[in-house]
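Working notes, beginning with the structure itself.
Chain identifiers are assigned alphabetically (A, B, ...) following the order of the sequence lines, protein sequences preceding nucleic acid strands; residue numbering begins at 1 within each chain. Because the structure is a prediction, the values reported are computed rather than measured.
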2 protein chains.
Amino acid sequence: MSPAEPLSANMEDYLEAIFHISEEKQAARAKDIADRVQVNKSSVTGALRSLSEKGLVNYAPYDIITLTTKGKVLATEIVRRHAALKEFFVKILLIDKIEAEEAACKVEHAISKTIIDRLINFVEFMEICPRGGKAWLRGFRRHCENGDTANRCGDYITACLEDLEKRKRQMASSHKTRKHGVSSQK
Amino acid sequence: MSPAEPLSANMEDYLEAIFHISEEKQAARAKDIADRVQVNKSSVTGALRSLSEKGLVNYAPYDIITLTTKGKVLATEIVRRHAALKEFFVKILLIDKIEAEEAACKVEHAISKTIIDRLINFVEFMEICPRGGKAWLRGFRRHCENGDTANRCGDYITACLEDLEKRKRQMASSHKTRKHGVSSQK
DNA sequence: TAAAAAAGTTAGTTACACCAAACTTTATAC
DNA sequence: GTATAAAGTTTGGTGTAACTAACTTTTTTA
């Protein structure tokens, strides 16, 4: 077993495309991949041969294209990175969906698992913590729009305290389910 | 004037290296660049020719290497992206400095100005807003370390309120200076 | 100042990733 | 069931960016 040397950004894009097409249709055709990745169909042939050699896709000339188990694992990881980045851009940085999507496409190839895990954790905490959450985000939105800062935050603290009380009441009845319990780095 | 088609990640790395070497020493030598970018010196010659053609570096064979005004502007922008990413990784995501540095090196080539501006704005707001800031970050740190969440946030709210009072007192005496007043996207 | 070392360049090669054009295979339509 | 269209492949060529090895220029040192 090779220590799985990293895929190039281009190959990751092909893998991601095959993953998405396979989800939508039953089989992935070279034409679909070419359309999605926006390359010439002859480039797809080359990419498929390369990905096949790496054991990531099942490929034989003129045959239908599927991901191997290894390929599926890798594609899922790329899609996860993409989704996490897009969510952060949209929910936290308040970037519009189209631009967030484009940015995620580029950054997903450059970011490590450690940072993606932290980012997911961060967005989650933002939504859970009563001092953060939606009221805090409203404050950030104002900050972006008109440079408003600390002098208005007092109002939100009040909202936060109310939110905290509400949560305490909720907490009393139901037990929480945990996910993404990222501990300190080793 | 060309609409300045984007530089490749590789060329951005060279530009950044020349920028940093120029800051440290008086003149940038090809050897220094090769050492910094970790490439063979013959690769540097090729890169310099390419950057020279694009009007970003002043280059003549065997001569010293400097950035043009255009090159300096571009390099400054890359360095800004790098710094903003690193700061976000270290201060907000609590990634250790070494890994943050490595990550910033990769991501800086993939991220747009819009998002970098927002990220800078975000980190700034985080430090300004009394509901965010250091107390909030302590909460996030605990969340990362042991999955602790909402039930402990009450303590921090108290700290936040104290912080807010302190800020109000400060506000009363001195006038604020504004920076990074990012408005809504066009 | 002449020899040696260091720095820089050139030439030739490799790998990746793309393209257009020509060709082959498979699918669709009549 | 054969003609045609669509899909897929091969061939040959481009550009980027790296390398090694051989060479030239500059700098250092003795």
Worksheet item: Can a side chain N or O of B:Y59 be found less than 4.0 Å away from OP1 or OP2 on C:dG8?
Response: no

Fill in: Flag, side chain of A:K106 to backbone of B:H109, donor-acceptor distance under 3.5 Å
no

Worksheet item: Any donor and acceptor pair, going by atom type alone, linking the side chain of B:K41 with main-chain N or O of B:D32 inside 3.5 Å?
Response: no

Worksheet item: OP1 or OP2 of C:dC16 less than 4.0 angstrom from a side-chain nitrogen or oxygen of A:S50, does that happen here?
Response: no

Item to complete: Starting at atom OH of A:Y62, determine the distance to atom P of D:dT9, rounded to an integer number of angstrom.
Response: 6 Å

Discussion item. How many whole angstroms separate atom CD1 of B:I64 from atom C1' of D:dT26?
Written reply: 14 Å

Worksheet item: Please give, in whole Å, the distance from C:dT14 P to B:N40 CG?
Response: 17 Å

Worksheet entry | A:K31 side chain, from C-beta outward: closest of C:dC19, C:dG8, D:dG8 | D:dG8

Worksheet item: Any donor-acceptor pair under 3.5 Å joining the side chain of B:S42 to the base of D:dA18?
Response: no

Discussion item. Heavy atoms from C-beta onward define the side chain here; which of C:dT9, C:dA17, D:dA7 lies closest to that of B:T45?
Written reply: C:dT9

Worksheet item: Parallel, tilted or perpendicular for B:F88 and A:F88, by the 30°/60° rule?
Response: tilted

Item to complete: Give the rounded distance in Å between these two atoms: OH of A:Y14 and P of C:dA17.
Response: 8 Å

Worksheet entry | B:Q38 CD: over 12 foreign heavy atoms closer than 6.0 Å | no

Response to the item:
Rounded to whole Å, the NZ-C1' distance (A:K41 to C:dA20) equals 10 Å

Worksheet item: Judged by atom type as modelled, is there a donor-acceptor pair below 3.5 Å linking the side chain of A:R36 to the main-chain atoms of A:A17?
Response: no

Worksheet item: Rounding to a whole Å, what distance do you find between B:E12:CD and D:dA17:P?
Response: 11 Å

Practice prompt. Nearest whole angstrom, please: distance from the C1' of D:dA18 to the CD of B:Q38.
Written response: 14 Å

Worksheet item: Counting only side-chain N and O atoms of B:N10, is one of them less than 4.0 Å from OP1 or OP2 of D:dT16?
Response: no

Worksheet item: Expressed in angstrom and rounded to an integer, what is the separation of A:R49 atom CZ from D:dT10 atom P?
Response: 5 Å

Item to complete: Please figure out whether B:S43 or B:K54 has its closest DNA chain D nucleotide nearer the 5' end.
Response: B:K54

